[in-house]
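Okay, handing you the structure first.
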Amino acid sequence: MEKKDFETWLENLSASFFTLTDLQKNETLDHLISLSGAVQLRHLSNNLETLLKRDFLKLLPLELSFYLLKWLDPQTLLTCCLVSKQWNKVISACTEVWQTACRSLGWQIDDTVQDTLHWKNVYLKAILRMKQLTNHEAFQTASLIGHSARVYALYYKDGLLCTGSDDLSAKLWDVSTGQCIYGIQTHTCAAVTFDEQKLITGSFDNTVACWDWSSGARIQHFRGHTGAVFSVDYNDELDILVSGSADNTVKIWALSSGSCLNTLTGHTEWVTKVVLQSCQVKSVMHSPGDYILLSADKYEIKIWPIGREINCKCLKTLYVSDDRSITLQPRLHFDGKYIVCSSALGLYQWDFASYEILRIIKMPDSTSLSLLGFGDIFALLFDNHHLYIMDLRTEKVISRWPLPEYRKSKRGSSFLAGEMAWLNGLDGVNDVGLVFATSMPDHSIHLVLWKENG
C-alpha cells in the first residue's frame with residue numbers, strides 16, 4: 001500500500017475506532033493482536049512499557065514529588081528507595097518527610113542542619129534505637145565497688161556519680177570508666193550533692209556539711225536541725241543552701257558563713273525532698289528568673305519564694321487527696337515550668353504558672369510505678385522489678401529493663417536517674433551514658449547504661 005493510501009486508511013480506521021465502545025475497542029485490539037507476528041508483538045511490548053510504567057518521580061518537578069512523598073509512611077518510603085538509584089536519590093533528599101518521621105519516633109530535630117541526606121540517616125538510626133528499646137536490648141549494666149557499708153545517698157551530674165555511705169565516706173566516680181576520682185571521710189550520709197570543688201552532705205547526725213574534694217577537709221558545718229537531714233540543694237550565685245529534715249522543717253542557710261537565715265515550718269511529716277530552681281513562667285506570684293524552693297513530704301508539696309527569706313511564706317501547697325488517703329512518692333520533678341510527682345493514683349503534672357493539675361497519667365494494669373525522670377517526650381519510671389520508659393504522647397510504656405533486688409528506701413535517695421536530656425527527645429547523640437543507678441545490699445552500685453547504638 002502506498003504511503004498516501006496508508007495514511008488515508010489509518011485516518012479512517014482511527015475515526016471508526018473512536019466511535020466504538022470500550023468493549024468493542026478491546027475486542028478489536030484482541031483481534032489485531034491475534035493477527036500479529038513476533039515483530040509486531042515485540043514492538044507492542046516495548047511501547048506498552050513506556051506508556052504504562054511512567055516514572056513519575058523522574059517526570060514531575062521536584063517540589064511536586066516531595067509533596068506526593070509526604071503522604072507515604074516511612075517504611076513504604078524505604079521500600080521505594082529500592083526501586084532505582086533515581087528514586088533513592090529523590091526520596092533521600094526529601095528532608096521534610098524524614099524530619100516528620102523522626103519526630104514521630106520522639107526524636108529532636110535541629111532545623112539548622114542543611115545536609116539533604118542527613119535526616120534519612122538519622123531516621124535509620126532512630127528506628128534501630130527504637131527497635132532496641134522495644135526488644136529490651138538498648139541498655140547494659142555495670143557495677144561500682146568500693147564502699148564497705150550500706151550506700152544511702154546518690155547524686156549524678158555531668159558523667160560523675162557521687163555516693164555517700166554508712167562507712168563514713170563519700171566517693172566520686174567517673175561513670176564512663178568506673179574509676180573512683182575522689183574518696184573522702186565524712187559523717188553518715190543521707191543526702192549528697194556536689195560540684196567540681198565541693199561536696200555537700202546531709203546526715204543522720206542532724207547536720208549538713210560542706211567538704212573540699214581535693215583536700216577532704218570540712219569547710220563548713222550547718223547545725224540546727226533536730227532530725228536527720230534527708231535532702232539538700234544549693235545555689236552559689238545566691239549563696240544559699242536549703243535542707244529538708246525529719247524534724248518536719250526546711251532550713252535556709254548562708255552557704256559561705258553557715259548561718260541559718262530562716263526555718264520554714266508547715267510540714268507535718270518528714271521533709272524528704274527540697275529543690276531550688278529558677279522559675280521559667282510568669283504568674284501573679286512569681287516572674288521568670290525568680291528562684292523557687294519546693295519542699296515535699298509524703299502528703300504535700302510546698303512552694304516557697306527565695307529572695308525574701310526573712311518573711312518567707314508558703315505560696316501554695318499541692319496535694320492529691322484532701323483526706324491524706326493518698327501518699328506521694330519521694331521523687332519530685334521541677335524544671336521551672338511543671339511540677340511532676342508520682343502517687344498510687346498515677347503521675348500528677350501541675351502547671352507552675354497556675355498551680356492547676358494539667359493531667360493525671362494512670363499507670364498500666366493498676367501498677368504503682370515511681371518517677372525517676374520526666375521530659376517533653378518520655379518519662380523514666382521504675383518499680384521493684386523493672387525500669388520503664390513511657391512515651392508521654394501516648395501514655396504507653398514502650399520499653400522495660402529488669403532490675404536486681406536493689407536496696408529499698410522510702411526516702412528515694414538510694415536510686416536515681418542519670419542523663420536526662422534524652423527525655424525531651426532522642427537525637428542520636430544524647431542516648432549515651434548513665435540511665436539509672438541504685439545501691440545494692442552488698443554495698444555496690446548497680447548501673448544501667450545506654451548500649452552503643454548500632
Side-chain angles (χ1 to χ4, degrees), residues 74-75 77-78 81 92 95 98-99 101-110 112-113 115 117-146 154-163 171-181 372-382 385-393 396-404 406 415-440 444-454:
Q75 195 58 48
L77 287 172
L78 290 175
C81 286
S92 298
T95 300
W98 297 113
Q99 285 184 340
C102 289
R103 285 192 184 97
S104 70
L105 293 176
W107 282 56
Q108 298 181 45
I109 300 301
D110 182 359
T112 62
V113 177
D115 182 4
L117 300 181
H118 171 77
W119 291 108
K120 180 191 173 186
N121 294 331
V122 170
Y123 174 76
L124 293 173
K125 190 173 184 179
I127 204 72
L128 175 60
R129 178 58 94 192
M130 298 310 292
K131 183 178 180 180
Q132 290 175 339
L133 285 171
T134 302
N135 295 337
H136 321 305
E137 298 172 346
F139 305 134
Q140 57 190 354
T141 61
S143 294
L144 302 177
I145 300 173
L154 302 172
Y155 187 82
Y156 176 82
K157 183 171 67 174
D158 300 331
L160 302 175
L161 178 68
C162 181
T163 58
K171 297 182 183 294
L172 189 65
W173 308 82
D174 184 329
V175 172
S176 63
T177 64
Q179 298 299 309
C180 180
I181 301 172
L372 284 167
F374 193 92
D376 296 334
I377 304 295
F378 303 112
L380 186 64
L381 311 164
F382 77 114
H385 306 290
H386 290 91
L387 193 64
Y388 301 89
I389 296 176
M390 175 183 285
D391 189 327
L392 293 171
R393 298 166 301 176
K396 302 293 186 183
V397 171
I398 62 170
S399 182
R400 70 176 188 174
W401 183 262
L403 294 177
Y406 58 88
F415 41 79
L416 52 70
E419 298 292 343
M420 304 283 274
W422 66 272
L423 295 174
N424 293 320
L426 293 160
D427 62 6
V429 178
N430 59 17
D431 52 342
V432 294
L434 183 66
V435 179
F436 174 78
T438 185
S439 60
M440 300 295 291
S444 67
I445 311 300
H446 178 77
L447 307 180
V448 178
L449 307 145
W450 282 104
K451 188 182 295 183
E452 183 177 353
N453 191 358

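When reading the values below, keep in mind they use all heavy atoms of this one structure, side chains included, and skip hydrogens, waters and symmetry mates.
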Partners passing side chain to side chain contact (heavy atoms under 4.5 Å, CB included) against Ser176 (at least two apart in sequence or in another chain):
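Expected list: Asp174.
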
Under the side chain to side chain contact (heavy atoms under 4.5 Å, CB included) rule, collect the residues that match up with Leu423, sequence neighbours excluded.
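Side chain to side chain contact (heavy atoms under 4.5 Å, CB included) check on Leu423 returns Phe378, Leu380, Met420.
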
Set of residues satisfying side-chain hydrogen bond (donor to acceptor under 3.5 Å, both in side chains) with respect to Ser444, sequence neighbours excluded
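Only Asp442 meet the side-chain hydrogen bond (donor to acceptor under 3.5 Å, both in side chains) criterion with Ser444.
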
Look up atom CD1 in Ile445 and atom OG in Ser143, then write down how far apart they are to the nearest 0.5 Å.
9.0 Å

Under the salt bridge (Lys or Arg N to Asp or Glu O under 4.0 Å) test, which residues partner Asp427, sequence neighbours left out?
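Applying salt bridge (Lys or Arg N to Asp or Glu O under 4.0 Å) to Asp427 gives none.
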
Just how far is it from atom NZ of Lys120 to atom CD of Gln99, taken to the nearest 0.5 Å?
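Lys120 atom NZ to Gln99 atom CD measures 15.5 Å (nearest 0.5 Å).
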
Residues in ring-ring contact (aromatic ring centres under 6.0 Å, His included) contact with Trp98, at least two apart in sequence or another chain:
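Residues passing ring-ring contact (aromatic ring centres under 6.0 Å, His included) with Trp98: Tyr123.
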
With distance as the sole test, does Trp422 use its side chain to make a donor-acceptor pair with the main-chain N or O of Glu419 at under 3.5 Å?
yes

Would you check if the distance from the ring center of Phe382 to the ring center of Phe415 is below 6.0 Å?
yes

Asp110 CG to Cys102 SG distance, which is reported to the nearest 0.5 Å
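Nearest 0.5 Å value for the CG-SG distance: 12.0 Å.
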
I need the Arg393 CZ to Asp376 CG distance, nearest 0.5 Å.
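These two atoms lie 11.0 Å from each other.
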
Distance-only polar pair, side chains of Lys171 and Thr163, donor-acceptor under 3.5 Å:
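No, no side-chain donor-acceptor contact under 3.5 Å.
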
With a 3.5 Å cut-off and sequence neighbours excluded, list the donor-acceptor pairs that the side chains of residues 135-142 form with protein atoms.
{"unit_1": "Asn135", "atom_1": "ND2", "unit_2": "Lys131", "atom_2": "O", "d": "3.3"}
{"unit_1": "His136", "atom_1": "ND1", "unit_2": "Arg400", "atom_2": "O", "d": "3.2"}

Going by heavy atoms in the side chains, are Leu172 and Leu161 under 4.5 Å from each other?
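The answer is no, as the side chains (C-beta and beyond) never meet within the 4.5 Å cut-off.
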
